[in-house]
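Since the model is a prediction, treat every value here as computed from it, not as a measurement. Numbering of residues begins at 1 and proceeds along the displayed sequence.
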Amino acid sequence: MNRDALVFNIQALLDLDAKNALAPHGIGGLARQLFEECKLHLAPVELPTLGSPLINDACWKFIEAMPHTLPGPIFNELKPAFYAAVCHVLTNGVIAR
């Protein structure tokens, strides 16, 4: 069963319980809490959008954290190159889960 189907089935079970369709016992409090937590952890991760301040700031912080031993012109090109690489990964969905 894939992740989306599992989240869908968890939600369907919680919805049935909310409508009292699982009476007389229903889902207990601890089981409900576990299902809710599982649903949160299984939800798809939202990637930041291209051009967002988060991406821009992360690129700057990454480059600023590097040792400044490279010649100025090369160091000045690192941020745009790193930014382009991050954008490529986000655009093409290269990040593995």
Side-chain angles (χ1 to χ4, degrees):
M1 180 178 298
N2 68 32
R3 179 187 303 242
D4 293 336
L6 188 55
V7 171
F8 177 82
N9 289 332
I10 289 171
Q11 186 59 53
L13 189 58
L14 291 171
D15 291 345
L16 284 172
D17 186 55
K19 294 177 182 175
N20 211 21
L22 303 176
H25 302 290
I27 298 175
L30 181 57
R32 184 178 301 103
Q33 184 179 354
L34 286 171
F35 279 135
E36 291 288 350
E37 285 295 317
C38 286
K39 210 172 68 170
L40 289 175
H41 289 286
L42 291 170
V45 175
E46 295 283 330
L47 294 176
T49 58
L50 298 179
S52 72
L54 179 67
I55 297 295
N56 193 45
D57 291 348
C59 289
W60 274 117
K61 291 198 183 305
F62 179 82
I63 298 304
E64 288 171 356
M66 294 182 67
H68 294 274
T69 56
L70 295 171
I74 293 173
F75 188 79
N76 291 338
E77 293 299 318
L78 280 178
K79 195 267 183 175
F82 185 72
Y83 183 82
V86 169
C87 290
H88 173 76
V89 168
L90 290 175
T91 302
N92 296 306
V94 180
I95 297 176
R97 290 185 165 204

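- Minimum interatomic distance between F35 and I10 (heavy atoms only, all atoms of both residues): O-CG2, 3.6 Å.
- Annotation: the span from I27 atom CD1 to L13 atom CG amounts to 3.5 Å, rounded to 0.5 Å.
- Not one N or O on the side chain of N20 forms a donor-acceptor pair closer than 3.5 Å with the backbone of A23.
- Grouping the Ile, Leu, Val, Met, Phe, Trp and Tyr side chains by contacts below 4.5 angstrom, directly or via other members, places L16 apart from L34.
- Pairing each heavy atom of H41 with each of R3, the nearest pair is O-NH1, 4.1 Å.
- Under the 4.5 Å side-chain heavy-atom criterion for ILVMFWY residues, a single connected hydrophobic cluster contains both L42 and L14.
- Looking at residues two or more places apart in sequence or on another chain, you find a ring pair (Phe, Tyr, Trp, His ring centres under 6.0 Å) between F62 and F82.
- Residue pairs that meet the side-chain hydrogen bond (donor to acceptor under 3.5 Å, both in side chains) test with at least one member in residues 22-33, sequence neighbours left out, are D17-R32.
- Residues passing the side-chain hydrogen bond (donor to acceptor under 3.5 Å, both in side chains) test with D15 are Q11, sequence neighbours excluded.
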